[in-house]
Amino acid sequence: MNIKITLPDGSIREYAQGVTGLEIALSISEGLARQVLAAKVNGQVWDATRPIDCDATVQLLTWNDPEGKATFWHSSAHLMAEALEALYPGIKLGIGPAIENGFYYDIDFNGHQFSQDAFEQVEAKMLELARQKNPFRRIQVSKEEAIAYFAQKGDPYKLELLEDLQDGEITFYQQGNFTDLCRGPHIPDTSFIKAVKLLNTAGAYWRGNEKNKMLTRIYGISFPKEKELKEYLVLVEEAKKRDHRKIGKELELFTFSERVGQGLPLWLPKGAILRDRLEQFLKKAQLKAGYQQVVTPHIGSKQLYLTSGHYAKYGKESFQPIHTPDENEEFLLKPMNCPHHCEIYRSKPRSYRELPLRLAEFGTVYRYEQSGELHGLTRVRGFTQDDAHIFCRPDQVKEEFKKVIDLVLYVFSTLGFQEYVAQISLRDKEDRSKYIGSDELWEKAEQAIIEATQEKGMQTVVEYGEAAFYGPKLDFMVKDALGRRWQLGTIQVDYNLPERFELEYIGPDNQRYRPVMIHRAPFGSLERFVAVLTEHCAGQFPLWLAPEQVAVLPISEKYHHYAQEIFSLLQQHDILGYLDERDEKIGRKIRDAEVKKVPFMLIVGEKEQSQHTVAVRRKGQGDIGSMPLNEFVSYFKEQVALSMRPSE
RNA sequence: GCCGUUGUAGCUCAGUGGUAGAGCACUUCAUUGGUAAUGAAGAGGUCGGCAGUUCAAUUCUGCUCAACGGCUCCA
């Protein structure tokens with residue numbers, strides 16, 4: 001009996017029943033067959049060797065398809081497990097999935113010593129096994145058989161996983177001497193794996209629960225070609241060069257001190273300039289958008305956070321209250337600015353005519369983060385939010401929300417972040433105990449976000465369980481140099497805090513109403529934003545942000561006087577930079593300025609002094625000719641404006 | 001917080017059971033130079049901290065602090 005197979009180009013071919021993806025590929029071309037890793041059958045990824053029994057739509061997956069890569073890496077995880085089992089008999093296996101870049105397997109080494117020194121040995125074993133061209137076999141087993149197998153093998157983790165599986169849908173995959181409980185799919189055989197590299201090890205709790213045993217997670221990556229592994233490793237090196245912790249040190253943006261405490265960044269002069277420019281930029285944009293700046297203290301009475309609900313939620317995992325010596329009053333370092341802003345709202349009766357009231361503050365907050373979580377500037381214990389709270393009428397929520405989206409996107413585009421993910425963060429579907437407020441209010445808030453993003457025509461992803469405890473959010477995420485995702489901007493709709501703080505306004509009918517709050521921070525925090533921006537531009541900041549914009553480099557001591565004149569004129573135009581009066585040759589001064597990523601160098605010597613010009617050199621471009629200083633200043637200002645123009 | 005790795009000069013890193021080295025940076029001197037490193041000399045470290053083993057510890061052991069890679073967490 002024949003079945004009809006529809007291919008992605010729309011063509012329909014007939015094959016005998018039980019045809020496999022691999023056979024279909026072979027019927028098209030041998031070259032294709034050599035590349036096929038898996039097959040997407042009616043939208044589901046299958047083994048390329050699995051028989052297809054009825055009419056189906058089939059897409060053949062290769063290394064160029066994300067699902068093809070995932071299958072490849074998943075199979076690589078099995079291969080690694082096989083190699084590890086061969087080298088360390090008696091180990092227990094957790095889970096071993098493919099991830100965004102590679103794969104991992106969680107291993108209980110059951111008494112064996114394992115360290116990264118053994119990586120090469122494991123890699124060699126994997127390649128040895130790969131060359132055996134062992135097919136991955138899919139085996140359907142009953143639950144009983146499956147339990148018997150792992151009970152005999154003595155693998156408690158697999159037995160635990162089996163508990164949650166239904167009889168009848170359990171499959172094993174077997175290659176060489178290795179059998180694993182696995183849903184699949186897998187690549188046809190191990191010989192596709194031509195290059196492997198183990199990357200690092202890490203502890204990981206069994207099933208992600210910190211009450212469970214910690215297993216050793218081994219990360220690795222593999223490729224169908226040796227060359228691709230090399231390219232990948234070059235890419236990783238490049239990413240490391242962009243790491244904001246490294247660049248931050250080199251460019252003297254920030255530092256940490258053990259004596260000050262972990263997670264408490266010290267901003268150095270150049271970093272402070274960067275921060276300040278970002279603040280000024282946003283303040284200006286916010287002024288235009290109708291925000292008003294406020295300032296509030298760094299601590300607040302514990303009572304404030306009891307009211308807001310933050311104390312009940314986070315009190316135990318926060319910095320503990322400060323006690324006054326005499327009255328024994330309790331104060332908390334402020335972990336967020338909203339309660340303070342609520343009190344500003346309450347400072348006088350409000351009319352509907354005043355709304356929306358938009359209160360903005362670069363507010364420094366302190367949160368106790370677990371020590372193992374701290375990471376450069378992206379995860380710290382003291383940081384400054386570009387915070388604002390919009391108090392508005394319920395009928396204004398959507399419009400205000402959309403305006404905030406515009407502001408966030410304006411900020412992103414001005415700073416060159418084209419790639420970001422807008423994530424709608426909603427409540428956990430099952431566990432509602434983590435949240436305050438009624439279902440009705442939550443639904444209103446969630447609806448407002450969904451509608452606003454739809455009306456803006458934004459591409460969004462929805463994540464459940466990612467909401468704040470008082471309301472849903474729209475989060476903007478970007479990736480760092482090493483591919484880790486970080487949340488930058490956030491916009492949150494909140495019906496709950498106005499309740500808790502009993503915020504009110506008088507409506508046109510002279511009745512009291514409750515306003516709605518929108519929390520928002522386009523940068524998120526200055527710290528994290530600077531970190532991600534640093535990596536984004538590899539320390540080569542746009543001209544308007546560069547902490548050192550122009551270096552004045554006299555050829556020799558004889559021209560110091562003229563150079564000083566030039567430098568002070570630059571200062572009068574608010575151009576930042578330095579004058580290099582060191583007793584060094586010009587080549588050296590240029591090199592040092594290049595290394596410091598200074599965008600412009602003005603070289604002055606005999607010729608410039610006599611003609612009253614400056615020789616302009618642009619970083620990365622070289623000499624761009626001589627001109628009178630005033631000409632350079634206007635050229636420079638043009639370039640600053642260009643560097644700020646929102647990219648399309 | 002948990003698992004693993006690391007900690008030597010301002011930075012990047014060698015090294016050893018007998019109290020330490022390089023390059024760059026820094027200081028001084030010579031040099032007055034034209035688009036990515038001029039030369040010489042000097043100074044700089046209680047080898048993360050505390051304890052223990054030892055005749056002797058930077059080196060071995062324990063604890064502790066911090067950083068790094070993950071896990072968990074993230075108002």
Side-chain angles (χ1 to χ4, degrees), chain A residues 104 106 109 114-117 199-219 240 243 245-246 249-250 252 255-259 261-263 305 308-315 317-318 334-339 365-376 378-381 385 387 434 436 466-471 473 482 484 486-487 490 492 494 497 519 521 528 553-560 582-596 601-608 615-624 626:
Chain A
Y104 68 78
D106 285 347
F109 273 92
F114 183 81
S115 80
Q116 305 206 358
D117 301 338
L199 299 171
N200 55 340
T201 58
Y205 300 111
W206 168 238
R207 304 194 120 180
N209 186 332
E210 59 184 321
K211 292 192 180 72
N212 289 341
K213 179 161 182 178
M214 177 146 321
L215 307 179
T216 305
R217 176 168 297 178
I218 305 176
Y219 287 89
K240 280 186 187 158
D243 192 313
R245 291 167 298 185
K246 181 174 147 69
K249 193 179 268 180
E250 287 165 358
E252 298 182 349
T255 189
F256 290 90
S257 151
E258 278 187 37
R259 274 203 273 227
Q262 53 175 170
Y305 302 99
S308 71
H310 288 99
Y311 192 82
K313 180 87 180 162
Y314 295 104
E317 311 109 68
S318 295
K334 78 174 168 187
M336 80 296 299
N337 304 298
C338 27
V365 297
Y366 301 88
R367 296 179 183 175
Y368 175 79
E369 304 286 0
Q370 295 184 23
S371 59
E373 261 316 320
L374 302 172
H375 182 96
T378 51
R379 196 75 187 271
V380 287
R381 286 178 171 169
Q385 295 179 312
D387 210 356
K434 298 189 275 190
I436 59 171
E466 293 294 313
F469 76 96
Y470 50 74
K473 314 188 280 181
L482 298 172
R484 291 171 289 216
W486 296 100
Q487 182 193 313
T490 181
Q492 310 171 2
D494 180 5
L497 285 189
H519 308 240
R528 182 174 289 178
L553 312 178
I555 296 280
S556 83
E557 203 181 338
K558 288 190 276 186
Y559 314 106
H560 279 189
R582 288 177 308 162
D583 185 8
E584 294 290 352
K585 296 215 245 179
I586 193 65
R588 177 51 179 278
K589 294 182 184 180
I590 288 170
R591 182 191 141 75
D592 288 345
E594 289 275 349
V595 168
K596 283 165 39 170
M601 284 155 253
L602 300 184
I603 292 145
V604 292
E606 178 61 40
K607 214 173 92 205
E608 290 74 23
V616 182
R617 181 190 161 100
R618 180 127 204 198
K619 180 189 159 18
Q621 253 172 270
D623 195 351
I624 58 172
S626 291

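Naming: A, B, ... by sequence-line order, numbering from 1 per chain. The figures that follow rest on heavy atoms only: side chains count, while hydrogens, waters and symmetry mates do not.
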#### Entry: Charged N-O contact under 4.0 Å between R381(A) and E369(A)
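No, no charged N to carboxylate O under 4.0 Å.
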
Under-4.0 Å side-chain N/O to phosphate OP1/OP2 contact, [X] with [N]:
X	N	answer
H375(A)	G69(B)	yes
T201(A)	G4(B)	no
Y314(A)	A75(B)	yes
Q370(A)	C73(B)	no
R245(A)	G69(B)	yes
K589(A)	G34(B)	no

Under 3.5 Å, which protein N or O atoms sit close to an N or O of nucleotides 22-24 of chain B? Give each pair with its distance.
none

Determine whether a donor-acceptor pair (one donor, one acceptor, N or O, separation below 3.5 Å) exists between the side chain of [X] and the base of [N].
X	N	answer
Y559(A)	G34(B)	no
E608(A)	G34(B)	yes
R217(A)	C71(B)	no
E258(A)	A66(B)	no

So if I take every side-chain heavy atom of [X] and compare against [options], which nucleotide ends up nearest?
X	options	answer
D583(A)	G33(B), A36(B), C26(B)	G33(B)
S318(A)	C71(B), A75(B), A36(B)	A75(B)
R379(A)	A75(B), C74(B), G1(B)	C74(B)
E369(A)	G1(B), C73(B), C26(B)	C73(B)
M336(A)	G34(B), A75(B), U35(B)	A75(B)

### Message
Base, sugar-phosphate or nothing for E250(A)? Non-hydrogen atoms, less than 4.0 Å.
### Response
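No contact.
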
### Message
What contact category does Q487(A) fall into here, base, sugar-phosphate, or nothing, at under 4.0 angstrom with non-hydrogen atoms?
### Response
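Q487(A): no heavy atom of the nucleic acid under 4.0 Å.
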
### Message
Tell me the interatomic distance from I555(A), atom CD1, to A36(B), atom P, rounded to whole angstroms.
### Response
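Nearest whole value for this atom pair: 12 Å.
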
Partner nucleotide, any strand, of [N] [Watson-Crick/G-U, under 3.5 Å]:
N	result
U53(B)	none
G34(B)	none
U27(B)	A41(B)

#### Entry: Interatomic distance at C1', A9(B) relative to G21(B), whole Å
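Approximately 10 Å lies between the C1' atom of A9(B) and that of G21(B).
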
#### Entry: Same-atom distance (P) from C63(B) to C3(B), integer angstrom
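It comes out at 11 Å once rounded to the nearest Å.
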
